[in-house]
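Quick note on labels: first sequence line is chain A, next is B, and so on, each numbered from 1.
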Amino acid sequence: MLLGSRYSEGLLSKMPEKQYNHQQIEEKWHANWEEDPVLYRTPADPTKKFYVLEMLPYPSGRLHMGHARNYSIGDALARFMRMRGYDVLHPMGWDAFGLPAENAALKSGRQPREWTLQNISQMKKGLKRLGFALDWEREVATCEPEYYRWNQWFFLRMYERGLAYRKESLVNWCPQCATVLANEQVVDGCCWRHEGTAVEQRSLEQWFLKTTAYADELLSGIENLAGGWPDRVLTMQRNWIGRSVGAEVDFTIENSTDKLRVFTTRVDTICGATCLILAPEHPKAQELVGSEGQARLKAIVDDQGRKDPSSIEKDGFATGRFAINPFNGARTPIWIGNFVLMGYGTGAIMAVPAHDERDFEFCTKYEIAITPVVKPAEGELTLPFTEYGISFNSGEFSGLPTAEARKTMAALAETKGFGKAAITYRLKDWGVSRQRYWGTPIPMVHCATCGVQPVKDEDLPVLLPLDVEITGAGESPLARHESFWKTTCPKCGGPGRRETDTMDTFVDSSWYFYRYCDPHNNTQPFDPKVIAQWFPIDQYIGGVEHAILHLIYSRFWTKVMRDLGLITNDEPTKKLFTQGMVLKDGAKMSKSLGNIVDPEELVTEFGADTCRLYVLFAAPPDKDMDWQQTGVEGQYRFLGRVYRFVTRNADRLSGPVGELSAQDKRALRKLHQTIAKITQDFEQRWHFNTCIAALMELTNELYLCEEGLTAAALPEILKSLIQLLEPFTPFIAEEMWEEIGLTGPVFSHPWPEVNPKHLIEEEAEIPVQVNGKLRGKIVVPTGATSEVLEATAKADEKIAAFLAGKEVVKVIVLAGKLVNIVVKG
RNA sequence: GCGGAGAUGGCGGAAUUGGCAGACGCACUAGCUUGAGGUGCUAGCGGGUAACACCGUGCAGGUUCAAGUCCUGUUCUCCGCACCA
């Protein structure tokens, strides 16, 4: 009991207010929810389904603020949709394979699985402590055989269809990770996990998944995602796929039967090609440069500076050899150029310096001929001219508009057999082999007689052995684990050696959200009928850092599964929301900067409700937010204000119900405005920061009206207030719900409806402008006509002063909104 | 270089459709509460002025009765891509 309270001797029979004790309240409801897991169970046969999903976390052992933010957004939506009558699927799992477990093993000798499972249990506690309404009966950990056996199963299906294949290729090798990286995992020439560690090129036999088989569909599908996905993610994907339409043309090498194939988007400029330039890694480069060129060639290949295109100077040398232009027979020198990429097109280009800036730069530097073959339709030709125009100097094609020449010339090349129209993608097939232990074993066997053979379905899963020694040096631990790799060939039964590479962990996250629908199925990855009930995901929420990696791979996987006949949806998710980062002092929270705020510490000090409220309040969810500790305290104070208000008014609910008092009306009006605002925001823009601001305004209003509130309005006000808080602060909401004598859980009750009756005001305050500047305000009855508004405005003392001696030119009246009087003189 | 997002008080941010700029919170100030401190409650809080006037949404123009919002140009910041032939 607080003697200091101003209500302790109040006129009304108010209960003494209670102080907000977050610890007591949250412990109580946490325990309560733990005892009753059915509370969050997903309905079995959804009629009005809503699948809300947040990206699954890597179980590092600790939650960070990014998680708290991501899951607070998703949980608010999940609770709201549930209150709106939807059958909500809101699951959670663990992206549990990956390198950190092996590093932990090295450092502390912990077995990776044991380390991972302990982290999972710790983080699960953290998520529960934050009160997220998740269906834990559907939890999935990707490191468990029940899950990864289906990675293997899918791999076999892809292998059967030629979508998984093995080839020797130049791969990105991170010396720190001692493994291969996918193109997507190389950032600025360095490893995505080890900034500053340059990625090396090595030639290795690798497994690939044929993402390029779906390149066109991955690209065209982007159009259907527009509106539901952020534009910038779609742009990033479009650029990543990088489709370009052009032609491939063969140049015959002089004094040789061999040919050089180039890719160009501007075959119309081929008569202006004054040299061919090969990437230094081009397979024919070594031969063409001859013995005297080897040293220069190697110097260019090894030049690390090539990774940074902004600072690199174009460099190269002539091989001394020539090729013949198939269109005009021109003898064209063959060069090596450091700016030509082996990984794009054919690794060889025809340089047309007159019509390409890069070629112009290169050819100017080395004084190679520059021959213009396109001129603008109007005006002077200035080089380099890269636009479309009219061809000239191009034999029979001279005079043709460029766009037309492109087509005709590609067609001619095809008929004559020295080229063809071609489409090139920047997207490469997905290299999935990793020389690591803690991942899904690739279900293949190498046999001396039969070659590479797939493991039979009935022998799945290929279990990852747990008794391994992790040394961090040399080969993968699996390659040293004889009882793992020693096996028999599935075809001939002879001695075989298992593939000891494991799969990239992005495989795990490419389809996990399907498994959530049917997580305990042990005869197939999932029952297609169940998928049909829940897919596509209605709302996916996560960080923008996954815009290309995870989000392209999972789109690819969905298309493969569809073509396997397992699902019918073309895309995994209709809507994607990318939340902003959590910053502190203008920088991303990180260990190295020492600016981490630990959600669990925050929960201990202020409670989960305050933590959730603050991450939503500090900025709109899609924007980066800057952490301010004092801001957290403000949220805590707000919850205290609400709590004291509800508890001290709880026993006024059952008084005699009479007419609504003026304060009742005022409070109800504010309440219903708030309901309308928050409902609309959930449906449209997700500006939860303003929703919380609206709840604060409502609370402030209730404080001001408090003395005059009666039992005619209070029950509705308190009940709705609690419901409006429920998506954001479930613990305190549940506690207050009980305090006012209602039966929970709060989210099982329907979301409050706006009653327009309460929104009506008897009088309206209308701003009055003179020449567009605010000069006063008038109070008129609601619904007053334009004439009344104008007359009242002109009659207003303040306004009249501004009008005195001037001529009224025009009066703009927006009924119910504004009056603007235009004067002159 | 290309593409995208943004620039609003001391700070985080609001203004959804061109219609009262600065909601809400933080910080700060005052009054009340308190033995004091803290808490709590009430109020003030863009600059400027005694009060008005006036000035004010990165900068310069424009459209409009009316512009943070639309148009043109420009600067800066962040993000993504980057010799993709």
Asks: So which nucleotide from C24(B), G3(B), A85(B) ends up closest to the side chain of Met696(A)?
Replies: C24(B)

Asks: Give one of base, sugar-phosphate or nothing for Lys677(A), where a contact means two heavy atoms less than 4.0 Å apart.
Replies: base

Asks: With respect to the side chain of Ala693(A), which nucleotide from A14(B), A85(B), C24(B) is positioned closest?
Replies: C24(B)

Asks: Can Arg644(A) be said to sit on top of Tyr20(A)'s aromatic six-ring, NZ or CZ under 6.0 Å from centre and within 45° of the ring axis?
Replies: no

Asks: Select base, sugar-phosphate, or nothing to describe what Gln680(A) touches, counting heavy atoms under 4.0 Å on all strands.
Replies: base

Asks: Would you call the rings of Phe577(A) and Trp686(A) parallel, tilted or perpendicular, where under 30° means parallel and over 60° means perpendicular?
Replies: tilted

Asks: Let's see if you can work this out: which of C20(B), C41(B), A27(B) has an atom nearest to the side-chain heavy atoms of Arg641(A)?
Replies: C41(B)

Asks: How far does the P atom of U29(B) sit from the matching atom of C45(B), given to the nearest Å?
Replies: 16 Å

Asks: Pairing check on A15(B): which nucleotide meets the Watson-Crick or G-U wobble criteria with it, both distances under 3.5 Å?
Replies: none

Asks: Using the C1' atom as the reference point in each nucleotide, state the distance between U42(B) and G46(B) in Å, no decimals.
Replies: 23 Å

Asks: Just name whichever nucleotide pairs with C78(B), Watson-Crick or G-U, keeping both distances under 3.5 Å, else none.
Replies: G4(B)

Asks: Taking the same atom, P, in G47(B) and in G9(B), what whole-Å distance lies between them?
Replies: 12 Å

Asks: Quick one: Leu818(A) CG to A66(B) C1', roughly how many Å, whole number?
Replies: 8 Å

Asks: In terms of base orientation, is G9(B) syn or anti, with the syn window spanning 90° either side of 0?
Replies: syn

Asks: Would you find a donor on one side and an acceptor on the other, under 3.5 Å apart, between the side chain of Tyr643(A) and the backbone of Glu17(A)?
Replies: no

Asks: On a whole-Å scale, what distance lies between the C1' atoms belonging to C55(B) and G48(B)?
Replies: 8 Å

Asks: To the nearest Å, how far apart are Glu765(A) CD and G19(B) P?
Replies: 18 Å

Asks: Tell me yes or no: between the side chains of Asp609(A) and Tyr636(A), is some donor less than 3.5 Å from an acceptor?
Replies: no

Asks: Can you check the Leu774(A) CG to C54(B) P distance for me, whole Å?
Replies: 12 Å

Asks: Please state whether the rings of His550(A) and His546(A) are parallel, tilted or perpendicular, taking 30° and 60° as the class boundaries.
Replies: perpendicular

Asks: When you check the gap from the basic side-chain N to the acidic O, do Lys798(A) and Asp796(A) get nearer than 4.0 Å?
Replies: no

Asks: How would you label the contact of Gln769(A) with the nucleic acid (heavy atoms, under 4.0 Å): base, sugar-phosphate, or nothing?
Replies: base

Asks: Between U69(B) and G19(B), how far apart are the P atoms? Round to whole Å, please.
Replies: 11 Å

Asks: Students often get this wrong, so: under 4.0 angstrom with heavy atoms, is Lys773(A) touching a base, only sugar-phosphate, or nothing?
Replies: sugar-phosphate

Asks: Partner of C54(B) by Watson-Crick or G-U wobble geometry, both contacts under 3.5 Å, or none?
Replies: G47(B)

Asks: Spell out, as yes or no, whether a donor-acceptor pair under 3.5 Å connects the side chain of Thr274(A) to the backbone of Ala369(A).
Replies: yes

Asks: Provide the distance between the two C1' atoms, one in A21(B) and one in G68(B), to the nearest whole Å.
Replies: 8 Å

Asks: When the P atoms of G13(B) and G6(B) are compared, how many Å lie between them, rounded to an integer?
Replies: 13 Å

Asks: Categorize Asp681(A) for me: base, sugar-phosphate, or nothing, with a 4.0 angstrom heavy-atom threshold over every strand shown.
Replies: nothing

Asks: Side chain of Phe617(A) only, heavy atoms from C-beta on: which candidate in C24(B), G6(B), C41(B) is closest?
Replies: C24(B)

Asks: I need the NZ-P distance between Lys798(A) and C20(B), as an integer number of Å.
Replies: 17 Å

Asks: So, is Asn700(A) near the phosphate of G25(B), with a side-chain N or O under 4.0 Å from OP1 or OP2?
Replies: yes

Asks: Give me the distance, rounded to whole Å, that separates G40(B) from U34(B) when you measure between the C1' atoms they each carry.
Replies: 10 Å

Asks: Can you measure Asp315(A) atom CG to C83(B) atom C1' for me and round it to whole angstrom units?
Replies: 13 Å

Asks: Would the base of C65(B) count as contacting Asn820(A) through its side chain, where contact means a donor and an acceptor less than 3.5 Å apart?
Replies: yes

Asks: At under 4.0 Å between heavy atoms, what does Arg775(A) touch on the DNA or RNA strands: base, sugar-phosphate, or nothing?
Replies: sugar-phosphate

